[in-house]
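These figures come from a predicted structure and were not determined experimentally. The first residue in the sequence is number 1, and the count goes up from there. Scope of the values below: all heavy atoms of this structure, side chains included, with no hydrogens, waters or symmetry mates. When a ligand or atom number is given, it counts from 1 through the structure's own listing order.
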Amino acid sequence: MTTNVSKLAEIIRKRGPIKKIGVLGMGYVGIPAAALFADAPQFEKVYGFQRDSKSSGYKIAMLNRGESPLKGEEPGLEDLLKKVTSQGKFSCTSDFSKIRELDAVTLSIQTPFLNKEDLLPDFSALFEGVRNVGRNLTPGMLVVLESTITPGTTSGIACEILEDESGLVAGDDFALAHAPERVMVGRLLRNIREHDRIVGGIDATSTKRATELYSPVLTLGKVIPMTSTAAEVTKTAENTFRDLQIAAINELALYCEAMGINVYDVRTGIDSLKGEGITRAMLWPGAGVGGHCLTKDTYHLERGVQMLGKDLLDYPTGEPSLYVLARRINDFMPSHMFRLTKEALERAGRPMKGAKIALLGWAFLSNSDDTRNTPAEPYRDLLVKEGAVVRVHDPFVAEYPGVPLVPTVDVALKGADAVIIFAGHHQYRTLDAKEIRKVSGRKHPVIIDGRNMVDPDAYIREGFVYKGIGRGDKNEHAIVDV
Ligand code: SAJ
């Protein structure tokens, strides 16, 4: 890759303003992005590119009818799709040769893990998309990667594939950038319009052209320009830092349990420190961290510094990465929940083997049906391994491969030795201790609160054995005979 800004700038000048856009990957990121590009008056036409595969090909016809294939409520999305489809400004296709007609192409193709052990991302789908773009690349076109990727990917392997497939030179013949997505389920359109947009080109001309692409869809947000690698680090680090903040309060919760104090008193105390420039960013301790973002982005960042910063990184000798340690602490929380469960069952005189456990909350996030990388799974695995009988309930989740879910809380609670609150769904805040004890039929049922959802005393006075994350002040309470 060479960067002859004048040559690329000249080609782009001759091509004129961006008019026709392509979005590869009709998912949670690509669909709202394509709809918003199509709705911008500056742009004439947007193609959504979707492989006509067995699993996702159905989306093409749906989208061309102006219907959204996405699950869950997405305010404004369906109306917007109907509008831009009926205006002929948006259409979906599996014909990648149409890329030749376009001025700009974005790729929003997910990068899941190949497997959880070595945490190597599976870039195969993304790189297939990059190859499809490369085969249809024309001089002056802008290519933007939106997927979360390892720092160094845009100006590295992605650039190489585009150049190999097209015979063109990045920075000379075409513009290349990374503009990471910050969408969140339930507010896809709002996030794209209102969040600031990190736009990182492999050179200044690419950054400028990518800024021209994204500015029209921003309402409250503004473009924050930088290099492509800085943009990749920004995206992975913003989630790494969130994971770090959660690990910090999780570690404090473990300390408070060991010291016999209430972590929520301490959190309130620390959080009371206010004033100019003062922040402690106290998040919430819990049963674990799941989801598609925080569980992987730290490893993207680590891989990036290992590749780009190889032999250049100055770091305390022999010390693990603070960020990876944070991941380990968060991934430890399900084991801690298991230990609390085991200890409480022992106090209630019940062996783990054969114990009936009501596991409430399978989704990785409260009041969500999203089960990706749920921390409830490793917790359940530990219980099953020790011979416990686990009944899982989640008001938002109907099924999960290999895990039977029961239809109601009562079915889960019937004859239960222990009730585990794993996700902070609203429904679990109103559980009644007396009612649960009756349905469980146990003299001293166990309750483990993984999300600070219940009042410990309400359960203790009903004869429960209570344990809660961070509740060192209650976890060794006297057992009440009712
Ligand atoms: N969690 C805690 N304690 C907390 C916050 C979260 O244990 O204080 C746990 C949750 O239970 C969940 C996991 O962490 O298991 C992740 O929760 P999350 O609120 O971070 O939700 P995500 O994974 O959907 O994160 C997304 C990210 N958005 C994007 O990548 C575009 C993240 O950058 C956002 O900060 C986050 O949403 C958000 O703030 O909603």
Side-chain angles (χ1 to χ4, degrees), residues 27-30 32-33 72 74 108 110-112 146-149 178-198 221 231-254 263-264 267-268 270-271 280-301 323 326-327 329-334 336-337 360-379 394 396-397 420-426 428 449-453 468-470:
Y28 278 98
V29 181
E74 286 302 337
S108 314
Q110 68 165 330
T111 56
E146 292 197 355
S147 312
T148 303
I149 45 184
H178 177 57
E181 49 82 11
R182 284 173 155 174
V183 298
M184 286 170 218
V185 168
R187 42 203 243 208
L188 298 176
L189 290 181
R190 202 181 104 202
N191 274 23
I192 294 175
R193 286 176 169 139
E194 297 182 3
H195 274 328
D196 288 343
R197 191 76 193 232
I198 310 296
E232 290 159 337
V233 172
T234 300
K235 172 63 189 178
T236 49
E238 74 186 15
N239 283 340
T240 297
F241 271 59
R242 183 168 173 83
D243 195 56
L244 182 60
Q245 288 169 321
I246 298 168
I249 188 79
N250 276 339
E251 180 159 343
L252 187 61
L254 297 173
V263 72
Y264 294 96
R267 183 187 184 286
T268 304
I270 295 172
D271 217 32
R280 292 292 184 275
M282 302 294 284
L283 288 177
W284 299 94
V289 171
H292 189 59
C293 310
L294 276 59
T295 56
K296 68 176 177 44
D297 289 359
T298 297
Y299 297 111
H300 276 305
L301 180 61
Y323 305 141
R327 284 275 64 243
I329 290 166
N330 288 336
D331 282 351
F332 172 73
M333 298 313 284
H336 182 60
M337 286 288 286
L360 305 186
W362 192 255
F364 86 85
L365 203 57
S366 54
N367 306 312
S368 158
D369 65 355
D370 197 334
T371 58
R372 288 177 294 180
N373 301 306
T374 178
E377 186 157 22
Y379 170 71
D394 191 303
F396 300 92
V397 179
I420 318 297
I421 300 179
F422 215 93
H425 295 326
H426 286 318
Y428 301 144
D449 188 354
R451 299 288 176 188
N452 191 35
M453 297 292 281
I469 295 275

Could you give the N/O to N/O pairs under 3.5 Å linking ligand 1 and the protein, each with its distance?
residue, atom, partner, partner atom, Å
ligand 1, 3 (N), Trp284, O, 2.8
ligand 1, 7 (O), Arg451, NH1, 3.3
ligand 1, 8 (O), Trp284, N, 2.9
ligand 1, 11 (O), Phe364, O, 3.4
ligand 1, 11 (O), Arg451, NH1, 3.4
ligand 1, 15 (O), Gly290, N, 2.9
ligand 1, 15 (O), Phe364, O, 2.6
ligand 1, 19 (O), Arg242, NH2, 2.8
ligand 1, 20 (O), Arg242, NE, 2.6
ligand 1, 30 (O), Lys235, NZ, 3.1
ligand 1, 30 (O), Asn239, ND2, 3.3
ligand 1, 33 (O), Asn239, OD1, 2.5

(message) So that I can tick it off, tell me whether Glu238 and Arg182 are bridged by a salt bridge, with the cut-off set at under 4.0 angstrom between side-chain N and carboxylate O.
(response) yes
(request) Could you pull out all residues at least two apart from Thr148 that satisfy side chain to side chain contact (heavy atoms under 4.5 Å, CB included)? (result) Glu181, Lys235, Thr236, Lys296, Asp297, His300
(request) Provide the closest heavy-atom pair for Pro32 versus Gly27 in the form atom of the first, atom of the second, distance. (result) CD-O, 3.8 Å
(message) Would the distance check show the side chain of Asn367 and the main-chain N or O of His426 forming a donor-acceptor pair, the cut-off being under 3.5 Å?
(response) yes
(request) Show your working on ring-ring contact (aromatic ring centres under 6.0 Å, His included) between Tyr299 and Tyr323 and close with a plain yes or no. (result) CA-CA 9 Å; Tyr299 297 111; Tyr323 305 141; over 10 Å; no
(request) Identify whether NZ of Lys or CZ of Arg in Arg267 sits under 6.0 Å from the centre of the six-membered ring of Trp284 and within 45° of that ring's axis. (result) yes
